[in-house]
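Here is the structure we will look at.
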There are 2 protein chains.
Amino acid sequence: MAQESPTFSPLYRQIKTLILQALEAGEWRPGQAIPSEQELAARFGVSQGTVRKAIDEIAGDNLLVRKQGKGTYVASHNDPRALFRFLRLVPIDGDLSHPKSVPLDCWRAKAGQEASRMLAIELGAPIIILRRLLKFANKPVVVDEIYLPGELFQGLSFETLQDWHGSLYSLLESRFGSRMIRAQERIRAVAADRSTSEALKVAEGTPLLSVERVTYTYGDKPVEWRRGLYSTAEHYYLNELN
Amino acid sequence: MAQESPTFSPLYRQIKTLILQALEAGEWRPGQAIPSEQELAARFGVSQGTVRKAIDEIAGDNLLVRKQGKGTYVASHNDPRALFRFLRLVPIDGDLSHPKSVPLDCWRAKAGQEASRMLAIELGAPIIILRRLLKFANKPVVVDEIYLPGELFQGLSFETLQDWHGSLYSLLESRFGSRMIRAQERIRAVAADRSTSEALKVAEGTPLLSVERVTYTYGDKPVEWRRGLYSTAEHYYLNELN
DNA sequence: GAGTGGTCTAGACCACATT
DNA sequence: ATGTGGTCTAGACCACTCA
């Protein structure tokens with residue numbers, strides 16, 4: 001059963017890979033339940049405990065959500081608990097109100113040096129650029145400039161964005177089948193330029209957080225690159241270190 | 001065995017608590033191996049699998065480190081793999097050299113409003129304040145101002161800091177028995193003041209990251225509060241989002 | 001070879017949600 | 001009552017480390 005020493009991979013990891021492949025292939029849709037552990041055990045010809053351990057790891061990566069007594073579900077950005085899952089910005093006074101996204105612009109362009117590198121696409125490939133404002137308690141706090149590979153999101157338009165009630169990622173998941181799994185942020189401090197200062201209603205030159213994010217789908221494929229400028233007058237970026 | 005509905009706690013969690021208590025009581029020192037799973041199972045009167053699950057969770061919190069074939073060890077900040085475990089700053093060019101800590105100042109004071117709140121100690125209680133520089137490739141990148149409760153770190157002096165070769169946390173662990181377990185950082189953007197700009201060799205007013213960290217030991221007890229000012233000219237703060 | 005953590009199994013039973 | 005995930009056990013065997 002098990003392989004010889006150099007490339008040993010336990011059974012439950014092989015099962016994990018099989019389940020991930022099924023997820024990636026879209027065999028089960030976001031928000032839906034996957035088969036029970038017993039069924040999967042039968043399908044893969046292993047014991048329930050082995051399937052369990054595979055699912056445990058996948059759930060640990062937030063790709064599946066276990067619900068005792070009900071089943072195991074494919075994680076979705078439509079889930080209210082996953083809303084703004086990647087946003088780490090918090091009001092200084094513990095006001096827990098959800099932010100509101102206000103689209104500003106949306107246009108098409110060709111990928112330049114930076115965009116092509118970040119999104120791992122050809123130089124000059126079509127991309128979509130969109131700008132938006134994030135408001136907390138109706139006050140502007142973040143300006144985002146978001147770059148998406150044009151190929152994946154053909155029908156995306158300014159109107160689509162305005163009509164959508166929910167997060168951007170839930171839109172990209174529901175309408176375009178792209179599921180954002182993990183992201184990496186690079187944070188620096190910069191001075192507000194003219195247009196940013198106007199959008200955020202701060203003085204020109206005010207120090208802002210520059211948060212560059214690359215977001216990945218299955219197979220560590222980058223599908224979004226964005227830069228956000230955060231006003232930290234009344235908010236901070238909260239990070240837990242373990 | 002198991003309790004009735006409202007306060008149900010599985011056996012392995014109770015075992016987890018017992019192991020955590022032993023850790024907190026210092027029954028096993030950092031860097032040393034804890035008893036084998038079999039021994040612990042015998043000691044607590046449960047099966048090895050139950051102990052295993054308890055240890056799994058504790059290891060997931062980075063309090064224990066498993067080493068196949070050898071044993072399970074108490075995590076230590078002396079471990080080279082844990083060095084600068086909480087530091088998220090990375091050079092823009094992938095230079096992986098370790099930073100070097102240069103102590104600047106160290107004095108005693110009484111806790112003010114902010115320090116007493118952050119460290120959960122009495123207003124006016126003795127604290128130790130220390131300032132230091134973090135250098136990457138011999139260039140100053142971070143100025144830290146660090147607040148410690150005086151009661152816990154009696155003998156700490158500027159000389160101690162200078163003589164110590166290792167991280168601050170390994171010093172606090174080895175000499176004072178305080179083990180830093182987790183931390184929380186609040187990040188904002190600020191303008192460099194006069195003295196900071198001189199220390200970091202940047203222009204006055206340059207945008208910097210202000211990183212405020214509270215660090216906790218066992219029982220979520222805060223034992224360190226610090227503010228770091230990060231120059232992000234050639235470095236960025238890297239954060240993985242899952 | 002002995003000891004440790006790591007994997008895998010099979011079965012019993014518990015907690016939870018739904019019918 | 002049924003089905004789901006969650007816990008617990010006991011035993012067998014594998015992979016790794018070290019003497």
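Each chain gets a letter, A, B and so on, in the order the sequences are listed, and its residues count up from 1.
Taking atom NZ on B:Lys16 and atom P on D:dT7, their separation rounds to 12 Å, with Å as the unit. Between B:Phe8 atom CZ and C:dC16 atom P there is a gap of 7 Å when expressed in whole angstrom units. Per the geometry, CD belonging to A:Gln38 stands 10 Å off C1' belonging to D:dG3, to the nearest Å. If you take CG of A:Asp56 and P of C:dT7, they are 12 Å apart, rounded to a whole angstrom. The nearest whole Å value for the distance from the OH atom in B:Tyr12 to the P atom in D:dT9 is 13 Å. Rounded to whole Å, the distance from CD on A:Glu37 to P on C:dA10 is 15 Å. As a whole-Å value, the separation of A:Arg13 CZ from C:dC8 P is 10 Å. Remark: C1' of D:dC13 and CG of A:Leu11 are 14 Å apart, rounded to the nearest angstrom.
Closest approach of A:Tyr216 to A:Ala183, counting heavy atoms only: CD1-CA, 4.4 Å. Shown here for A:Leu64 and A:Val74, the closest heavy-atom pair between the two residues is CD2-CA, 3.9 Å. A:Arg132 and A:Pro103 get closest at one heavy-atom pair: CB-CA, 3.9 Å.
Side-chain polar atoms of B:Glu173 and B:Ser178 form no donor-acceptor pair below 3.5 angstrom. A:Ser170 and A:Trp164 share a side-chain donor-acceptor pair at under 3.5 Å.
Aromatic rings of B:His235 and B:Phe136 (six-membered ring for Trp) have centroids within the 6.0 Å cut-off, being under it.
Remark: B:Lys67 is positioned above the aromatic ring of B:Tyr73, its terminal NZ or CZ atom under 6.0 angstrom from the ring centre and at most 45 degrees off the axis.
For B:Lys53, no side-chain nitrogen or oxygen approaches OP1 or OP2 of D:dC8 to under 4.0 Å. The side chain of B:Arg52 contributes an N or O atom lying less than 4.0 Å from OP1 or OP2 of C:dG6.
In terms of position along DNA chain C, the nucleotide closest to B:Glu39 lies nearer the 5' end than the nucleotide closest to the other residue of the pair B:Glu39 and A:Gly45.
Near DNA chain C, meaning a heavy atom under 4.0 Å away, the residues from residues 64-72 of chain A are A:Gln68, A:Gly69, A:Lys70.
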